[in-house]
Amino acid sequence: MRWKWFFIVPAAILGMLLFAFLGGELVVHLWNWLLPPLFGWRQITFWQAIGILALCRILFGHHGWRGPGRSNFRRRIRERCGRMTPEERERFRRGIREGWGFGPSAGESKQQ
């Protein structure tokens with residue numbers, strides 16, 4: 001078991017460094033190719049590109065976590081709908097449709 005970790009840990013570190021290097025190079029080349037000619041912004045260095053990647057990860061990344069309700073939302077709705085009677089389920093669907101501004105479904109008459 002220890003021999004397995006002896007090879008996995010260095011490979012993981014090397015993979016992360018390679019990913020950071022390739023990501024930084026990609027950002028440098030894309031930035032320097034697109035933004036100076038389009039907007040007149042100055043070119044950036046590799047380390048500035050790494051900083052931009054880190055900033056984007058902080059601002060837009062989910063850091064490996066999921067929100068408390070997001071990951072289980074579909075499962076919880078499926079469980080709740082499974083416990084409902086057909087009448088309750090239809091009333092729920094109608095309420096959702098009306099709440100989001102959708103008209104009646106194709107199966108419903110417009111006279112209701």
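- Considering CD1 of Ile96 and CD1 of Ile77, their distance stands at 7.5 Å, rounded to 0.5 Å.
- We find the CZ-CZ distance between Arg97 and Phe92 to be 10.5 Å, quoted to the nearest 0.5 Å.
- Atom OG1 of Thr85 and atom CD of Glu90 lie 11.0 Å apart (nearest 0.5 Å).
- Atom CG of Leu18 and atom CD1 of Ile13 lie 13.5 Å apart (nearest 0.5 Å).
- Across Glu88 and Arg83, no two heavy atoms sit closer than the pair OE1-O, 4.4 Å.
- For Glu25 (side chain) and Leu22 (main-chain N/O), no donor-acceptor pair under 3.5 Å exists by modelled atom type.
- Under a hydrophobic-cluster definition in which Ile, Leu, Val, Met, Phe, Trp and Tyr are linked whenever side-chain heavy atoms come within less than 4.5 Å, directly or via other members, Leu30 and Phe19 are assigned to different clusters.
- We find the CD1-CG distance between Ile52 and Leu59 to be 11.5 Å, quoted to the nearest 0.5 Å.
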Using salt bridge (charged side-chain N to carboxylate O under 4.0 Å, His left out), reason through Arg75 and Glu79 one step at a time and then give a plain yes or no.
CA-CA 6 Å; Arg75 181 184 54 82; Glu79 287 174 359; 3.0 Å; yes
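- Between Trp31 and Pro36, the shortest heavy-atom distance links the atoms O-CD, 3.0 Å.
- When the salt bridge (charged side-chain N to carboxylate O under 4.0 Å, His left out) test is applied to Glu87, no partner is found at least two apart in sequence or on another chain.
- The two atoms that bring Ala49 and Gly24 nearest to each other are CB-O, 3.5 Å, heavy atoms only.
- Phe39 meets the ring-ring contact (aromatic ring centres under 6.0 Å, His included) test with Trp41; sequence neighbours excluded.
- Hydrophobic clustering places Ile44 together with Leu38 (ILVMFWY residues linked when any side-chain heavy atoms are closer than 4.5 Å, directly or through intermediates).
- Side-chain heavy atoms closer than 4.5 Å link hydrophobic residues (I, L, V, M, F, W, Y) into clusters, and following such links, possibly through other members, connects Phe60 to Leu55.
- Here the closest non-hydrogen pair linking Arg89 and Met84 is NH2-O, 3.0 Å.
- Distance check: Leu35 CG to Arg42 CZ gives 12.5 Å after rounding to the nearest 0.5 Å.
- The cluster map of Ile, Leu, Val, Met, Phe, Trp and Tyr, joined by side-chain heavy atoms under 4.5 Å apart, puts Leu17 and Val9 in the same cluster.
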